[in-house]
Every structure is written in structure tokens, then in C-alpha cells.
Amino acid sequence: MTILIIIIVLALIFDYINGFHDAANAIATVVATKVLTPFQAVLWAAFFNFLAYWVFGFGVADTVAKTADTMQIDLVVILAGVIAAICWNLLTWWLGIPSSSSHTLIGGFAGAAVAHAIAVHGFSGYVDAEGVTHHWYDIVSWYKAGKDGGMPSGVLIIIAFIVLAPLLGALASYLISIWLLNASRKSIGPKIFTVALMLATIWFVYTQMIPYEEIIKDGHKPRFASSEFWSVALEPHNIKWLLVAFIVLTVSGFCLIFSSLNLHQADAALKKMQLLSSAAFSLGHGGNDSQKVMGIIAAAVVVYINTNPGVHMNPWLDVALPSEDGAFKMPSWIPLACYSAIAAGTLSGGWKIVKTMGSKITKVSSFEGVAAETAGALTLYFTEHLKIPVSTTHTITGSIIGVGLTKRVSAVRWGVTVSLIWAWILTIPISALLAGLVYFILSVFIK
């Protein structure tokens, strides 16, 4: 139980570090454009980090918890993974490198698990109690096909999104920038496109909403049992899609009047919209990154139960990972603690990385800030819906690059960008190697 408590405490410390390490992701552009002061910006971001508790479910937490086979590892594996993740996060923060806290945690967890498998079974195959042959690399969930043709999961999918997440962010921000640029012209074409997009958004979000009958299915209690409307509107899955609609419709509304505004009015409106876009991105940051720590804590509890059969668990540790016939069960203090920790970390800032994100990649105005943050937020909501733990750092960096490309290719400082990409590529393998080393050291002292 002592090791379990240490893991929970360290996981929350990692969540706190994640907050100030990744604070720049949400606030760099609003600080660079002087929409908010640095202090106002971190307060703004921290508030929406915590507010994500009421918006997102546990899909990403489930994916992280199943990175390694919880039936084949012990608590030392998770402890080593968290320690390695904290060390790499602090090092990259000190150097001002916006690396991915998410991939650090995934790499650490997977690396420690592989080290455990090698230490216990060696490099040769071994046969389990059911007569199935396994190898050391099978301990990690590398790839798992999705149910009913859905999105597959596993470490390889997460690695693929090292490339795909920034590309999606860059493409989305580029298209949003082109949309806004055309909307500033006094022609009917962009307005027709905007109205069509508004109607398509309303239709799409409506098709994604979960009706009241589905919410109360199998005895599930809605958030507002006395009101069917609020139960539907405030269901976490529905809130997320309503937010998507609100973001798209707000930008669309601005596009409809953009051509009638003078330069001063347009800039003032864009600065107000930046508050919305940064809030939306902070929500996505809190929802995406806090769930990863929830997944680690959930995995630790399940491993403790597996390695201590018959142990009586207190209700405050009543955790169950999803199975074919069961849902993810997690006591409410875990998500509350995780969202509080990341919000507190964001309040602590992260000024070294703010400079890189806000000015070194490309010069950012209110126009670019709105496009980048809106694109980043929509990308995070989309990947969270697919239960993929992506990097908020990679996402917003790609989005900032995307808006830079609308000006000219040379507007992006590619020397800085290439250095960042190398940090992204190396994060998972370095975290994995570091976690493996930490695991072997801890194994000497912890039996």
C-alpha cells in the first residue's frame, strides 16, 4: 500500500509539473498579442483547465491505463515510469523545450514495463497458465484493433499521432486562416460558404448528441434528474459537441460581419475572440492531459489488487478498468485531484516555454492567435473523442506553424521548428530508456 500511495502522490506531482510545463501551450499567443497580461493569462487558462472536469469523460484515461498489461506488471513498473516522466519533464522545462508531457508518461510506462518483462522472463518466450506463449515485448499494448471498425488503439497509434496531431493542427489552422482572410473581403462567396458551414455544423452536432433515453439506459443517473433538457445539455459527451458548435458558430458569426469592420474594429473583435479560443484550448488541454494521470493512477490501483489477491480495498480506491461487459469505474476524488493539480501547475506558469511558443516559431497577431487556438482546440476535442492521448504541445505548435504558412513559408522559423521536432521524436524512446534504468535501480531496493 505504501508504494501505491507514493505512486498516487508522484502522479499528481507529475500532473502539476505538466500544468506549468504546458501552460505556454494555451497562453503563449494571448500573451504575445497582449490580449492578457501573463498573470491574467495563467488565471484564465487554469480556470478552464479545471472546468474540463465537467466536460470530458475517461476515454483517454482508459487508453493510458492499458498501455501495458496490468496482469503482468507490478507497482515498481508504474513507479519507475512516473519517476522517469517527472525527470524528463523537468529537464525539458529547464531547457525551454516544449516536449510532450503525454508522450513522456506513455514512454516511461511502456519502457518500465518492457524492462520488467526482460528482468522476469529474459528475451526468450515463456508460456502462461493458459498455455499461450508470450515474449518480452508482448507486455506493451502496441496495437489493438477498434471494435466494430472503430479507431484502433495502442502505443503505435500514439506514436503515429506524434506526426498526425501537429499535421491536423497545422491543416486546421491553415484552413481557418484562409477562411478568415476571404471573409474580410466584400464579396458574397465567403458569406455563402460561412452560412453553409454553420448549417452543416448544426446538423453534425445534432447527430452526435446522446438523447435522454440513452443517458438513463441501464439505470444510469443523469446529472439533473429533475430536468430532461439540462440532463441532455450537460451530459459530458454532449457538452463537448455543444462546445464545438459554439466555437464554429462564433467564428462564423464574426466572418459574416468581418468585411463591414474597419481595421481597428476587426482587431478589437479578434482580441475578444482570442479569449474564447484560448479558453477552448485550455479546456482541451485540461481534459486531455489530466486523463493521462487518471489512467496511471487507475492502472496502479488495478495492479495493486492483482498482486494482492483477496485484499480489502477502501471505497476511495474502488477502481475498475473497462472490460467487454463493464465500464470504467473511478471514484470522483481521482479526476478532481488530477484537474486541480494541472490547474495549480498552470497557475505556476512556464515562462521559458512561453517565449518559444509565442515568438520564436513565427510572429503571432490576434488574427493568427484565433486561428491557431481554435484549430488546436478542435483537434484536441476530435482526438479525445477517439480516445487518443495526443500531445497538446505538438498540436498547438502545428497550429502556429499552419497560420505562419498562410503568410509565406519563410515566415516560419524552420530552424527552431526542426529542433522541436527532434525533441518530439526522441521523447518516447528517451523516456522509455530512462524508465527502464530507473526500474532496474528500484528493483535492487524494492522487493
Side-chain angles (χ1 to χ4, degrees), residues 1-26 42 45-46 49-50 52-53 60-61 64-65 67 75-112 282 285-301 303-304 316-317 319 330-353 389 391-393 427 430-432 434-435 437-439 441-442 445-446:
M1 178 62 81
T2 302
I3 297 178
L4 177 61
I5 299 300
I6 292 173
I7 289 172
I8 292 172
V9 172
L10 287 178
L12 292 175
I13 290 173
F14 173 84
D15 205 19
Y16 171 82
I17 294 171
N18 187 355
F20 75 73
H21 187 280
D22 289 1
N25 297 342
V42 293
N49 277 172
F50 183 76
Y53 169 71
V60 171
V64 173
T67 297
L75 289 177
V76 179
V77 169
I78 301 177
L79 179 60
V82 174
I83 290 173
I86 289 174
C87 292
W88 181 246
N89 248 13
L90 288 175
L91 177 62
T92 53
W93 167 77
W94 180 255
L95 296 174
I97 301 170
S99 67
S100 168
S101 299
S102 309
H103 293 148
T104 301
L105 195 60
I106 296 293
F109 192 7
S282 294
H285 172 214
N288 195 285
D289 285 24
S290 291
Q291 284 191 62
K292 295 154 192 171
V293 178
M294 291 181 221
I296 290 294
I297 293 174
V301 175
V303 169
Y304 177 78
W316 66 280
L317 285 175
V319 173
M330 187 182 296
S332 59
W333 74 266
I334 295 178
L336 272 173
C338 290
Y339 282 116
S340 299
I342 199 169
T346 298
L347 278 174
S348 302
W351 310 119
K352 289 177 178 289
I353 298 174
S391 167
T392 53
T393 306
T427 291
I430 288 179
S431 300
L434 180 59
L437 178 62
V438 173
Y439 170 81
I441 294 172
L442 290 177
F445 301 99
I446 302 174

**Item:** Heavy-atom pair with the smallest gap, counting every atom of Gly108 and Ala435
**Value:** O-CB, 3.1 Å
**Message:** Within the structure provided, determine whether Thr92 and Thr104 are in side-chain contact (heavy-atom separation under 4.5 Å).
**Reply:** no
**Complete:** Output for pair (Asp15 CG, Ile342 CD1), nearest 0.5 Å, gives 5.0 Å
**Heavy-atom pair of closest approach, residues Cys338 and Ile297** = SG-CD1, 4.1 Å
**Message:** Looking at every heavy atom in both Ala52 and Gly286, which two are closest together, and how far apart are they?
**Reply:** CB-C, 4.0 Å
**Asked** Say you draw a straight line from CD1 of Ile3 to CG of Leu10; how long is it, rounded to the nearest 0.5 Å?
**Response** 11.5 Å
**Item:** Gap between atom CG of Leu12 and atom CD1 of Ile296 - 0.5 Å precision
**Value:** 12.0 Å
**Message:** Let's go through Tyr339 and Val293 carefully: what are the C-alpha distance in whole Å and the side-chain angles of both, what is the deciding distance for side-chain contact (heavy atoms from CB on, under 4.5 Å) to 0.1 Å, and is it a yes or a no?
**Reply:** CA-CA 10 Å; Tyr339 282 116; Val293 178; over 6 Å; no
**Request:** Give the minimum heavy-atom separation between Thr67 and Val64, together with the two atoms involved.
**Result:** OG1-O, 2.7 Å
**Item:** From Ile6 atom CD1 to Ile13 atom CD1, the distance as rounded to the nearest 0.5 Å
**Value:** 10.5 Å
**Prompt:** If you measure from OH on Tyr304 to CD1 on Ile8, what distance do you get to the nearest 0.5 Å?
**Reply:** 10.5 Å
Listed pairs under 3.5 Å, donor-acceptor, residues 81-89 side chains, sequence neighbours left out:
from  : atom 1 : to     : atom 2 : distance (Å)
Asn89 : OD1    : Ser101 : OG     : 3.3
Asn89 : ND2    : Ser101 : OG     : 3.1

**Request:** Determine whether Phe50 and Leu336 make a side-chain contact, defined as any pair of heavy atoms from C-beta on separated by less than 4.5 Å.
**Result:** yes
**Modelled atom types, side-chain donor and acceptor of Thr346 and Asn49, under 3.5 Å** = yes
**Asked** So among His285, Gln291, Lys292, which one has a side chain to side chain donor-acceptor pair (under 3.5 Å) with Asn288?
**Response** Lys292
**Item:** Over all atoms of both residues, closest heavy-atom pair of Ala65 and Gly295
**Value:** CB-O, 3.4 Å
**Considering all heavy atoms, the nearest Ile7-Ala300 contact** = CG2-CB, 3.9 Å
